[in-house]
Amino acid sequence: MAVSEEECSIAKSRSSPSSSSAPTSSHTSHYLAKCVLRGSVVLQVAYGHLRSPSSYDVVFAKETSIELVMIGEDGIAQSVCEQAVFGTIKDLVVLPWNDKFNARNPQMLEKDLLVVISDSGKLSFLTFCNEMHRFFPVAHVQLSSPGNSRHQLGRMLAVDSSGCFIAVSAYEDRLALFSLSMSSGSDIIDKKIFYPPESEVDETTSRSVQRTSITGTIWSMCFISKDPSQPSKEHNPVLAIILNRRGSLLNELLLLGWNIRDHAICVISNYVEAGPLAHNIVEVPNSYGFAFLFRVGDALLMDLRDSHNPCCVYRTSLNFLPPALEEHNFVEEACRVHDVDDEGLFNVAACALLELRDYDPMCIDGDSSNEKSLSKHVCSWSWEPKNDKSSKLVFCVDTGEFFMIEIAFDSDGLKVNLSECLYKGQPCKALLWVEGGFLAALVEMGDGMVLKVEDGRLLCLSPIQNIAPILDMSIVDYHDEKRDQMFACCGVAPEGSLRIIRSGISVEKLLRTAPIYQGITGTWTIQMKLTDPYHSFLVLSFVEETRVLSVGLSFGDVTDSVGFQPDVCTLACGLVHDGLLVQIHQNAVRLCLPTTDAHSEGIPLSSPVCISWFPENMSISLGAVAHNMIVVSTSNPCFLFILGVKLISACHYEIYEMQRVRLQSELSCISITQKLLVERRSCSPINKVNSSVATLPAGVDLGYTFVIGTHRPSVEVLSFVPNEGLRVLASGTISLTNTMGTAISGCIPQDVRLVSVDQCYVLSGLRNGMLLRFEWPPAHNISSPEESIPSPFSPALGNVDTILSNIRAANSFSSQMSAVNLSEKTMDGLPVNLQLIATRRIGITPVFLVPLSDSLDADIIALSDRPWLVHTARHSLAYTSISFQPSTHATPVCSIECPKGILFVAENSLNLVEMVHSKRLNVQKFHLGGTPRKVLYHNESRLLVVMRTELNNDSCSSDICCVDPLSGSVVSFFKLEPGETGKCMELVRVGNEQVLVVGTSLCSGPVIMPSGEAESTKGRLIVICIEHVQNSDSGSMTFGSKPGSSQRTSPFREIVGYATEQLSSSSLCSSPDDASCDGIKLEDTEAWQLRLAYSTKWPGMVLAICPYLDHYFLASAGNAFYVCGFPNDNPQKVRRFAVGRTRFMIMLLTAHFTRIAVGDCRDGILFYSYHEESRKLEQIYCDPSQRLVADCILMDVDTAVVSDRKGSIAVLSCSDRLEDNASPECNLTVSCAYHMGEIAMSIRKGSFIYKLPADDVLGGCDSLSANVDSSHSTIIASTLLGSIVIFIPISREEYELLEAVQTRLVVHPLTAPILGNDHNEFRSRENPVGSPKMLDGDMLVQFLELTSMQQEDVLSLPSGPPDTVKSSSKQLASSPIAANRVVQLLERVHYALN
């Protein structure tokens, strides 16, 4: 979305004598920038076998990030991974695997590659690494210098259907062709040719134009495949391009041929037909010579088999399609993203600042481009995948209508069939037809959707969320939610909406009980049979009580019918065999056969059958239950018992002891893996990318395997084989130290789990709030075939990529009192020493691990100070916060009504929630219509005040409305005059009340001259009172009821005291994020209205309003701004006290205490002071650079944070010590800057502290963050692409430490920018040379994704060139850096941002 480099070269800084000598601010200027919500605008889509040869993967290219998505059988798009690219993606395609290729390594065999061009100036080939769970570059090919020049290669890509050739074009005049290498060991590119030749590029442009036949703008291109069955000595590719020559009213279709032998490109033929404008050329798959030529108003099927004589064989008019409700202009849609605010203000102001002659090389219609076109055009399309018999194309026209064209070749010749309209929605930026008949439809500035091709129609199944563009936001700690929420104005008309954005994984709160469940010590869900898909019982354990509830439509108490002992505290429970439930408590192990009253599959008796096993004069401390095996341990003395169950007679069982082992150390936790996992389906299809089953570490597949944690402390993997006994397979000692070298206390395992995704590893949560990952060393990772027994596990393919010497580990067992002598039965090399791969601190309270299912690859909930979701398929330790309050216990609940439920215990209440995996963003949507421009939160009424424009209303096109944040209902609204457009608004205090001050425009057309000065326009200043209204007609009022809303049935009818949330099915796609207002009632004490108090016309458009001190406000009109107030605190009168003027159009106003910051469209930020005695405004400081300001906020009287419309953000500061003697020419100082690559339209202050609770408990292991209070200095920015970026102030010591780490990360192969960008150049772009840079949190957070050994490998790299490290940090960069010190600091940031 950033403008091209050629169009956005940095204006030279205005130098002044005082600029170099002005002292810097005493406030911190060190920031760390972290993107917490990546942009949601999908500009390119691709489809292929990226994770494995059998996977069907979708790639969303989102300009500054790349996301891998899969569309499940339910038609829901789920995010597999998303990563920043540290650059700007220009185009992206899939390079299909060719059998002639030689894979560079076995992991790439038969997998497709991604081909990307970006502002790095390189052609990048990417592959997906399943182990690291992200994309990595295979090769880079340099095309041009970095940047966005329209004359450099890197605007558009094309790949031929066989995957042998790639074409790259510039915006104008240039293209290049590449052939891929078929031999191993060589470069991925075999041959390449540039057109015009590179030698001509160095000469003048005019001479180059005369020599070439390709002069103009390249609109589209594709390869024309040849029939492989036709004999041909050599394969010379043919490329079709659409070219607009300068001054021409029509576009040409050119066919270019690459003679590989002669190393030359020639124009084979051209095709020009009078009529509509051609804009895209698309090859028909499997046709070998046919292509569609899309024009404005029609589509031509071209026969290009004879490339010397192209001809049209079929023509269809798009204008005779069923009429549409709206018409859009082609060029207007393409450029619309730039003028989503202030109706073209951006283009005009950017032209004035940058002295451009034109805005877009694709715009050839001049002034007529603003007129509405009466012709439809195809804006997106997609072919049906893998259809050899016929080719089917689904396309969307600019009216939002979807059609299908089927092309068949038979003995009678070519047949073309055009369907009726299949669906009507929004015009789509991109379409993608995937396996299963699903169609992903992406809208540029609104929610996309997944459609299903079924019975000749398109059915909408689910939304693909897109919150871009974010035009404004308000951050509120709403209704004691205990965490901030962001209310954002998103989208444009007609899809404008208000979104509530929260951090973490989205959770749909289904119900909550009353807080009557004090003292819960454990929760479990149990099936009645091993093969049951749903849970049958929910077990709640209290300090001195146990209750069993049935899972179903109602959670009824069935404790007596199940047979569990009710007056004890249950330590563990589970299913040991079909129909046999086990309860473990302090005194006994109890086996129960439930009756039919508890479950339909129970025994037909009046009371349950119960059998107990008692230890000999010992108390049970821990236990675990699995199929045919029970494990319990005792303390003082410490024993481990392996128990079995055998059938004596009908309904008569016996619990017997299979083995008893004396322990050297007391156990702290036990976890048993289920036996029948090979038959169980993985709960996460995202984790399963390989169909083959890998072998497990040695010994794990010998029988029942379980994991224990000990007080030694250690974690140990054990295996029990009937008739052979118990053996220790692996052991890992826990010994952790802090940055000072002292041992960390509390490292006893609280919970432990065995995980197997691409490899097998052990996950352990400690009592001190830490999370650990252990792995097998490579030498012991795979069982030998001779000793292998059919494994009960089903992991995916993969090995542990770690190195550890084979050191025999001491274990916690003593064989002196064992039934089987362990030393005699130990296999060669066992037990192995587990390697500690990664450690993370996620809180200070004990960490409990709750798998989402019994599968070994299931993701795991980690409960500590707050709930986290551990992504088991990720490399090292990766976890994301769950958007739910801190909880003490959790268990998955799978029922027919709620198949993916989770029960959390929080604040003595039971909370049934569902993690909404279908919601790739944790965002709630309220559809408002129009384009929401501004949003404010009114504390007294607890309502949101929203300004809307572009309303489809006969009486007005713009209004101010009050919205209920709970339901999305429009409670009241104030209509502006016809033809009047709202521009800005702020809440201003008048006495003890707040009023709404609104600025509007009464004129249409341009508001800024090409020079940047303000046009002669009119505006209006309005004062509105928000008043409470007494409703006398009835006791309550109902607002905003939506038709068709439905209420989800509560499965907790008997124990729930709160209503469930309501979902809407009336919108385009029924989804959890479409909130329903049906039945929401506002009591008479909650009714509010907007009342006009004052209105006056001003000599200019009122673009900016800002509260000032306690009794003033600032307002701008044109290039003037005024200090205004309310005489005698009367909102019906407004008085102007002082006026200040700038040279150019004022875009914004902001203030902090007495300081005023003014931002205009050219001079950037100007500091003013207001003298109340003399009622005069005085300019104090000015911006050192010309900049087109997007937004600005004052952190204090000396510091401003400003974003510009070239994708950068900067911190400007001054010193108030010289203010009395400063001249108006005194420049501000750039304290630090950061290029985001996205335009931040809204900047706000944050209010969180990035400190772990452990920092206070542990007393602080070092001095990091000791001097910086970030609670009120954090900056939050939202962008036009839908990103949320947080800028965190850090201390100088922290900055120097992380800067040294960043200089290493940007060059390490595992963490370097994947598109080949120079990271320093990209983050410094559009900022003054030599200005200090903010740290890149997206780059630094990759350090947490690495294993401990990889972290050490990164830190061992040299610090880089001298210019990459400041002198102040050279000493730190040259000295060794402690990995745990870096991890500790980054953990704090990760903890706070989640």
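For this chain, numbers begin at 1 and follow the sequence in order.
With hydrogens and angles disregarded, a donor-acceptor distance shorter than 3.5 Å links the side chain of Ser1348 to the backbone of Ile837. Counting only distance, with no hydrogens or angles, the side chain of Asn768 and the backbone of Met770 share a donor-acceptor pair below 3.5 Å. Side-chain atoms of Arg767 never come within 3.5 Å of backbone atoms of Ile844 as a donor-acceptor pair (strictly under, hydrogens ignored). The closest donor-acceptor contact from the side chain of Thr595 to the backbone of Pro608 lies at 3.5 Å or more, if one exists at all. Side chain of His585 to backbone of Asn587: a donor-acceptor contact under 3.5 angstrom is found. The backbone N or O of Ser633 sits less than 3.5 Å from a side-chain atom of Ser621, completing a donor-acceptor pair. Of the possible polar contacts, one joining the Thr673 side chain to the Thr705 backbone as a donor-acceptor pair under 3.5 Å is found.
Side chains of Ser731 and Val717 form no contact here, defined as non-hydrogen atoms less than 4.5 Å apart. When side chains are defined from C-beta on, Leu549 does not count as touching Val558, because their heavy atoms never get closer than 4.5 Å. Side-chain atoms of Ser756 and Asp857, non-hydrogen and from C-beta on, never get closer than 4.5 Å to each other. Here the side chains of Ser541 and Trp524 are in contact, with some heavy-atom distance below 4.5 Å.
Judged by the 6.0 Å and 45° rule, Lys646 forms no cation-pi pair with Tyr653. Under the 6.0 Å distance and 45° angle rule, Arg773 counts as a cation-pi partner of Tyr761.
Side-chain contact annotation: Gln583 with Thr570, donor-acceptor N/O pair under 3.5 Å present. With hydrogens and angles left out, the side-chain atoms of Thr845 and Ser864 include a donor and acceptor closer than 3.5 Å. Checking Thr733 against Ser714 by side-chain atom types alone, no donor-acceptor pair falls below 3.5 Å.
Pairing each heavy atom of His889 with each of Thr521, the nearest pair is NE2-O, 3.0 Å.
When each of Val870, Ile861, Leu1344, Leu869 is checked for a side chain to side chain contact (heavy atoms under 4.5 Å, CB included) with Tyr879, only Val870 meets the rule.
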